[in-house]
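Reckoned from all heavy atoms, side chains included, excluding hydrogens, waters and symmetry mates. Indexing begins at 1, ligand by ligand and atom by atom, following the structure's order.
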Amino acid sequence: MNIKRLKGFRDILPSETPAWRLVEESASRVFGKYGYEELRLPLLEETPLFKRTIGEATDIVEKEMYTFTDAGDNMVTLRPEGTASTVRAYVENGFARSHPKERWFYMGPMFRRERPQKGRFRQFHQIGAECFGWAEPAADADVISMLWDFAVDLGISSRVSMEVNSLGCASDRSAYIEELRKYLESRSDSLCSNCKERTTRNPLRVLDCKSPHCQEATKDAPSLENYLCEDCAEHFTVVCGILSSEKVPFKVNNRMVRGLDYYNRTTFELLTNELGSQNAVAAGGRYDGLVELLGGPAVPALGFAMGVERLVLMVGEGAGIRSAPGAYFVYRTEEGQRRAFSLKRQLIGEGFKADMDYEERSFKAQMRAAGSSGAAFAVIFGESEIAEGKVTIKDMQKGEQVTLDDKEAKDVLIQRLRMESELGD
Ligand code: HAM
């Protein structure tokens, strides 16, 4: 049998996980300082949750969801994103009514059956943040600043740019969509077949089409900016004002539309030009109607999600520290192995990383393994040490060594390893 992983699904190997942890730890650290608490959600939900929130006429719902009927005849879907589930959890667990001001973050796999390419997978991972309970523009500016501070913390801020837009409220958008549809119909001959169809079902998405013909045809399309009501325009002005005075770099992009239907007012994307066409490392916006749509009271909210695979590609798969053991044990005979085993375990109990080979290979081979492990010390139970009831500690950097009895050796190792780790910090 030659069973392989599914197309678009990846194994994240141990050589990559330090980079993943770097990204995850940076997000937890920065989001935590901004008052966000971690939430963990199920991977499988009832299908209508996503259809109703993301929107029937979106690519995700139309073509990309992993949906199936389970043994109990329920239509279920592997989550394609985290916002719908977060809002469901917020309403279902009573927060919407009893404690509406909440800031949560989450991380984990999402599933979309898209065409795989660099930075795009069918199982991918997001780290998302959602802020419930504030309609004020300061909340939007705070969320965008947090995303920027994360990029700074991770060390990628010089290689990304922030774009922001306002989609206005539902009535601004419906007036705009009507005008946009008229405009698109007048240029229907220049649009790709996909966009011709979108003109009726989801005209905003035409602005996002990558085809140069469609881009050219929509160059002079009406701009949503001119359709914002006074309140929405003022809200956006204040968001941009705070970001400017806080020196969070951003650019207004009036053509930015999002692939999910739940947004209103502020939307934003963190972009890079290092990943080809998959240029968004993070994206989000306001979704003031979603809590009500899922049966809660009208609670304003906003948030964003970042693509972890894309962030890992940016920091480099080799980033992060793969920690070397502090001590590597080298031994001869069964007795040597027992003593090595015991001392190794005592060091681990003291909080240090230690390693040994379980197979008694030649002394030379074990010393080579000690060297390539990067350990600071080789702890040697050779034949003469065993005969004398002693153990040798060799400093791998300096080449110096001392021979002691086991108890002394343990104290010396603890002391030296503590010094090493302080130097490492
Ligand atoms: P989204 O734009 O669909 O928004 O996804 C957010 C990010 O997830 C993207 O910018 C990208 O980095 C990553 N991503 C999406 N699809 C893939 C894929 N197939 N492979 C790799 N990475 C991918 C949302 O999901 C919203 N829930 C964001 C949000 C949160 N809005 C408000 N709160």
Does Thr272 have any side-chain contact (heavy atoms from CB on, under 4.5 Å) partners at least two apart in sequence or in another chain, and if so, which?
-> Val160, Glu274, Leu275, Val281, Met314
Sub-4.0 Å atoms of ligand 1 with respect to non-hydrogen atoms of [X]:
| X | result |
| --- | --- |
| Glu130 | 30 (C), 32 (C), 33 (N) |
| Phe304 | 29 (C), 30 (C), 32 (C), 33 (N) |
| Gly284 | 31 (N) |
| Ala305 | 6 (C), 7 (C), 28 (C), 29 (C), 30 (C) |
| Ala283 | 2 (O), 10 (O), 28 (C), 29 (C) |

[Y]/[X] salt bridge by N-O under 4.0 Å criterion:
| X | Y | value |
| --- | --- | --- |
| Glu114 | Lys63 | no |
| Lys182 | Glu179 | yes |
| Glu81 | Arg79 | no |
| Glu197 | Arg201 | yes |
| Arg198 | Asp59 | yes |

I need the contact type for [X] against ligand 1. Using non-hydrogen atoms and a strict under-4.0 Å cut-off, is it side chain, backbone, both or neither?
| X | answer |
| --- | --- |
| Phe111 | neither |
| Leu260 | side chain |
| Arg122 | neither |
| Gln278 | neither |
| Pro80 | neither |

Pair [X]-[Y], side-chain donor/acceptor within less than 3.5 Å:
| X | Y | value |
| --- | --- | --- |
| Glu45 | Ser85 | yes |
| Gln346 | Ser342 | yes |
| Ser190 | Glu216 | no |
| Thr83 | Tyr262 | yes |

Tell me: protein heavy atom nearest [atom], and distance?
| atom | value |
| --- | --- |
| atom 21 (C) of ligand 1 | Gly119 O, 3.2 Å |
| atom 11 (C) of ligand 1 | Arg310 NH1, 3.3 Å |
| atom 26 (C) of ligand 1 | Tyr262 OH, 3.3 Å |
| atom 20 (N) of ligand 1 | Phe121 N, 3.0 Å |
| atom 5 (O) of ligand 1 | Gln126 NE2, 3.2 Å |
| atom 9 (C) of ligand 1 | Ala280 O, 4.0 Å |
| atom 30 (C) of ligand 1 | Thr83 OG1, 3.0 Å |
| atom 32 (C) of ligand 1 | Gly303 O, 3.2 Å |

Do Arg10's NZ or CZ and the ring of Phe121 fall within the cation-pi criteria of under 6.0 Å and 45°?
->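 Pair Arg10/Phe121 counts as cation-pi.
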Does [X] reach ligand 1, in the sense of a heavy atom lying below 4.0 Å from it?
| X | result |
| --- | --- |
| Ala282 | yes |
| Glu309 | no |
| Arg258 | yes |

When only distance counts, is [X] in polar contact with ligand 1, meaning an N/O pair under 3.5 Å?
| X | answer |
| --- | --- |
| Ile60 | no |
| Glu114 | yes |
| Gly307 | yes |
| Phe124 | no |
| Arg120 | no |

Aromatic ring centroids of [X] and [Y] under 6.0 Å?
| X | Y | value |
| --- | --- | --- |
| Phe268 | Trp148 | no |
| Tyr66 | Phe50 | no |
| Tyr36 | Phe105 | no |

Between Arg416 and Phe377, is any pair of side-chain heavy atoms under 4.5 Å apart?
-> yes
How would you list all residue pairs meeting salt bridge (Lys or Arg N to Asp or Glu O under 4.0 Å) that involve residues 124-142, not counting sequence neighbours?
-> Asp140-Arg286
Nearest heavy atom to atom 28 (C) of ligand 1 wins, so pick from Tyr106, Tyr287, Tyr263.
-> Tyr263
